[in-house]
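Just so we're on the same page: letters track the sequence lines, and every chain starts at 1. What's counted below: heavy atoms across the whole structure, side chains too, no hydrogens, waters or symmetry copies.
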There are 2 protein chains.
Amino acid sequence: MAVSEIMSESPKVPKPTIERLAIYSRPLEDLLEAGSPVVSSERLAILCGVNPAQVRKDLAYFGEFGIRGLGYEVKELLKAIRAILATDRRWSLCILGMGNLGRALVENENFKRRGYIFVAAFDADNRKVGERLACGLTIEPVAGIKDIVSKLHVDIGVITTSQKGAQRAADLLIDAGVRSVLNFTPAQVRISSSCFLENEDIGLKLENLAYHLTRIRGARATK
Amino acid sequence: MAVSEIMSESPKVPKPTIERLAIYSRPLEDLLEAGSPVVSSERLAILCGVNPAQVRKDLAYFGEFGIRGLGYEVKELLKAIRAILATDRRWSLCILGMGNLGRALVENENFKRRGYIFVAAFDADNRKVGERLACGLTIEPVAGIKDIVSKLHVDIGVITTSQKGAQRAADLLIDAGVRSVLNFTPAQVRISSSCFLENEDIGLKLENLAYHLTRIRGARATK
DNA sequence: CACACATTGTGAAAAAAAGCACATTCAATC
DNA sequence: GATTGAATGTGCTTTTTTTCACAATGTGTG
Ligand SMILES: NC(=O)c1ccc[n+]([C@@H]2O[C@H](COP(=O)([O-])OP(=O)(O)OC[C@H]3O[C@@H](n4cnc5c(N)ncnc54)[C@H](O)[C@@H]3O)[C@@H](O)[C@H]2O)c1
Ligand SMILES: NC(=O)c1ccc[n+]([C@@H]2O[C@H](COP(=O)([O-])OP(=O)(O)OC[C@H]3O[C@@H](n4cnc5c(N)ncnc54)[C@H](O)[C@@H]3O)[C@@H](O)[C@H]2O)c1
């Protein structure tokens, strides 16, 4: 299980595998804190609501982290997953749109713990500009984005503007040199193909729930 | 395209289809507002970043909504999708944990527009209890949850407590008679199998982004 | 009212993902 | 240092989801 092996570009890692790796890390943090030295794929699978073989296969894409007959060393496994997900380094984020959601995100401690640091916050509304946030950041005018992004080496831009402002926010980010964008608005933003875009529509899961509620009465719990 | 047909329990609808139906509704709302009478599967697919055949197949699970040679009537299609997703009726929600995220959710206008109405807000912190929120709700003590849930016919319980408080919040909800739960904390909560649970971990997408950033340099935009 | 044209709806093929089942390998014990 | 027991890693199978490709069926036009 060399680091080079962890980092090597594996032939084809399923996208769902990446999402699950992040899920696995949650209970692993708890186990580490609780002092459990090892965990089996079966136990981890139960904690995450997935199939044990799935856990093993997901990990196997990146190397051999387990000890046969025993399981996985919690500390080592967590370290390995963090290396895979690149949560073991610091990511600089900036955020556009300091409404309710934007404020909630920058104040959130989990992101900081995982190495995602908000280094700048912007808003198009001049009444908000200059406001000091609890996390220590001051809301900046969007006009200054280019300077700040290049000065602070922003890796990821987060969009939490109103739906109408999303495309403009994306354009500002790309123009400022940010190559990856996480969009929390329900708007579909278009972006240069050389950049990376991920959408997170918080409302979608609710609609899912409503659908299932109207059908399956007395349904089983999902992942 | 009878309503009965829309509502009939289809043999097997893929889970991703349901998620996409909600995605389709976003640009459809824009198109309706913009006054476009019809939209083709190809155009809608582009707007949503998916394959045109996918759009047609997704819709075909629930009936025939299109006009060959023309496309889909925007208004009718939106109505049909809303009927499928049960967004055309009113859902009563309650929420536990009125921190930053909880406040952002209850103030959000999109949820209200789609029929998801927060009718009660709870917090375990007595200092917060009694506080009047901008949306009109007053933060209630968790002790009163059972009464309020049954009185107001709550359909869905939302958890936005701290990670540690999530399981307790879930227990309170189930005990109060809520049959479906949307959990925004990264904690895995255990729940009676007769109830429905959906998890929305807002941090996951960020970890995804970091992973892809470290690999694919100059990657293409995703869905 | 036939004809051209566009776009749907869908069976069949391909691709992707999940799950099974077991040989393999390690720890622990006697 | 063999033996037992447990849990991994993985080839193979099954299931699920996506995509292709085209016949079917509408609209609009002359
Ligand atoms: N609040 C929630 O719980 C929630 C839930 C689901 C989705 N969302 C989505 O997240 C987004 C933000 O939600 P919110 O509740 O924080 O909204 P909000 O209206 O409270 O805040 C939006 C902020 O963005 C700023 N803004 C608008 N255009 C901008 C631009 N081009 N550049 C910079 N700033 C700009 C506005 O000045 C405002 O301060 C919305 O699109 C909303 O649909 C929010
Ligand atoms: N804020 C974000 O942007 C963000 C992002 C990702 C995930 N999350 C997750 O969402 C959750 C809430 O985030 P937040 O920033 O609003 O946290 P927060 O700490 O601001 O608020 C948590 C609230 O929950 C209350 N609470 C705790 N246990 C409770 C219980 N059993 N019943 C009722 N209320 C209880 C607390 O009193 C507090 O008011 C956290 O689990 C967090 O990890 C938040």
Counting only heavy atoms not in [X], do more than 12 sit closer than 6.0 Å to its [atom1] atom?
X	atom1	result
A/E29	CD	yes
B/E107	CD	yes
A/K79	NZ	no
A/R113	CZ	yes

So, B/Y24 and B/D58: side-chain donor and acceptor under 3.5 Å apart, yes or no?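 The answer is yes; a qualifying pair exists.
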
Would you say the side chains of A/R56 and A/S41 form a donor-acceptor pair under 3.5 Å?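 Distance-only check passes for A/R56 and A/S41.
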
Between [atom2] on [N] and [atom1] on [X], what's the gap in Å once rounded to a whole number?
X	N	atom1	atom2	value
B/E64	C/dT8	CD	C1'	8 Å
B/K15	C/dA18	NZ	P	11 Å
A/N51	C/dA21	CG	P	11 Å
A/L70	C/dA28	CG	P	6 Å
A/E42	C/dA21	CD	P	15 Å
B/I67	C/dT7	CD1	C1'	11 Å
B/D58	C/dT8	CG	C1'	14 Å
B/I46	C/dT7	CD1	C1'	14 Å

Just compare C/dC26, C/dG19, C/dA17 and give me whichever is closest to any side-chain atom of A/Q54.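 Nearest to the side chain of A/Q54 among the choices is C/dG19.
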
Of all the nucleotides listed (C/dG19, C/dT10, C/dA18), which has the minimum atom distance to the side chain of A/K57?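 It is C/dG19.
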
Quick check: any donor-acceptor pair below 3.5 Å linking the side-chain of B/R68 to the base of C/dT8?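 Yes, a donor-acceptor pair under 3.5 Å.
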
Between NZ of A/K12 and OH of A/Y61, what distance do you get to the nearest 0.5 Å?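 Here the rounded value is 9.5 Å.
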
For C/dG9, take OP1 and OP2 only and decide whether either is under 4.0 Å from a side-chain N or O of B/Y72.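 B/Y72 to C/dG9 OP1/OP2: side-chain N or O found under 4.0 Å.
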
Under 4.0 Å between a side-chain N or O of A/R20 and OP1 or OP2 of C/dA18?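 Yes, A/R20 has a side-chain N/O under 4.0 Å of OP1/OP2 on C/dA18.
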
Nearest atoms (heavy-atom pairs only) where A/F65 meets A/F62: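 Shortest heavy-atom separation between A/F65 and A/F62 comes out as CZ-O, 3.5 Å.
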
On DNA chain D, reading 5' to 3', which nucleotide is the first and which the last to sit with an atom under 4.0 Å from a heavy atom of chain B, could you check?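 For DNA chain D, the relevant span reads D/dT17 to D/dT27.
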
State which residues pass side chain to side chain donor-acceptor pair (under 3.5 Å) with B/D175; sequence neighbours excluded, sorted by chain then number.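 Partners of B/D175 by the side chain to side chain donor-acceptor pair (under 3.5 Å) criterion come out as none, since no residue qualifies.
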
With a 4.0 Å heavy-atom cut-off, tell me which residues in residues 25-41 of chain A come close to DNA chain C, sorted by residue number.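 Close to the strand, none.
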
